[in-house]
Amino acid sequence: MNIPASYEDLIRSLLDKTNKNEIVWSSASNDETYVVFLKKFGFTIKRYFDSGWYIEVSIVNNEGKKLDGFWISGKDTDFKLMDDLYNAIHKITHNNINSIIKEMLSELKTNKKVGGKENTLFLDNFST
């Protein structure tokens, strides 16, 4: 299945607003589902693996009741667009990863030696 025609503009608008950091997404408790609520309706997006990658989207009312939706598999031609949206949402909802990456790059682009400070709390909790 590809993105239904009635959803194409909605998906592209959500991706555009997300990339501009002009939309507030929330992550659900399972950390694989994201939701944004507008005035009357909400939009959810979930990525999961079940013998292949899938992305499922839903339009919900303000009570969270599913009104409509669709899913798309990793084999579908429109999967990349949906995966781009999911990844953009994931980046901004998890500790604003874009800001973290910019800060790390800024530090790495200096002429100073970097690293060397050990964060023992981090090292104690880090496992490989």
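Just so it is clear, the values below take in all heavy atoms, side chains as well, and ignore hydrogens, waters and symmetry mates.
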Checking Glu56 against Ile45 for the side chain to side chain contact (heavy atoms under 4.5 Å, CB included) test, could you report, in this order, the C-alpha distance in whole Å, the side-chain angles of both residues, the deciding distance, and whether it holds?
CA-CA 6 Å; Glu56 181 180 346; Ile45 183 168; over 6 Å; no
May I have the step-by-step check of side chain to side chain contact (heavy atoms under 4.5 Å, CB included) for Leu10 and Ile59, ending in yes or no?
CA-CA 11 Å; Leu10 176 64; Ile59 292 180; 4.1 Å; yes
Walk me through it: do Val60 and Lys65 pass the test side chain to side chain contact (heavy atoms under 4.5 Å, CB included)?
CA-CA 5 Å; Val60 297; Lys65 180 181 176 186; 6.0 Å; no
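Taking the ring centre of Tyr48 as origin, the terminal cationic atom of Lys46 falls inside the region bounded by 6.0 Å and 45° from the ring axis.
Here the OH atom belonging to Tyr7 is positioned 14.5 Å from the CG atom belonging to Asn2, to the nearest 0.5 angstrom. Between the CD1 atom in Ile23 and the CG atom in Leu38 there is a gap of 6.0 Å [rounded to 0.5 Å]. Separation of atoms CG (Leu81) and CD1 (Ile55) is listed at 9.0 Å; rounding is to 0.5 Å. In this structure, Leu108 CG and Ile101 CD1 are separated by 11.5 Å, a value rounded to the nearest 0.5 Å. A distance of 12.5 Å separates CG in Asp83 from CG in Asp78, rounded to the nearest 0.5 Å. Separating the CZ atom in Arg47 from the CD1 atom in Ile72 is a distance of 13.5 Å, to the nearest 0.5 Å.
Ionic pairing of Lys17 and Glu22 is present here: one or more N-O contacts between side-chain nitrogen and carboxylate oxygen are shorter than 4.0 angstrom.
Not one N or O on the side chain of Asn62 forms a donor-acceptor pair closer than 3.5 Å with the backbone of Phe41. A distance-only check finds no donor-acceptor pair linking the side chain of Tyr34 to the backbone of Thr93 [under 3.5 Å]. A distance-only check finds no donor-acceptor pair linking the side chain of Asp84 to the backbone of Leu15 [under 3.5 Å]. For Asp76 (side chain) and Phe79 (main-chain N/O), no donor-acceptor pair under 3.5 Å exists by modelled atom type.
Counting heavy atoms of neighbouring residues, nucleotides and ligands inside a 6.0 Å radius, atom NZ of Lys102 does not exceed 12 of them.
The side chain to side chain donor-acceptor pair (under 3.5 Å) search around Lys20 returns Asp16, not counting sequence neighbours. Applying the salt bridge (charged side-chain N to carboxylate O under 4.0 Å, His left out) rule to Glu103 yields no partners; only residues at least two apart in sequence or on another chain are considered.
Annotation: side chain of Met82 is in contact with side chain of Ile3 (closest heavy-atom distance under 4.5 Å).
Under the 6.0 Å cut-off for aromatic ring centres, Phe43 and Phe37 do not qualify, their centroids lying 6.0 Å or more apart. Ring to ring, Phe49 and Tyr54 are not that close: their centroids are 6.0 angstrom or more apart.
Judged purely by distance below 3.5 Å, without hydrogens or angles, the side chains of Trp53 and Ser73 never pair a donor atom with an acceptor atom.
The side-chain contact (heavy atoms from CB on, under 4.5 Å) test with Trp25 singles out one residue from Thr44, Val35, Thr18, and that residue is Thr18.
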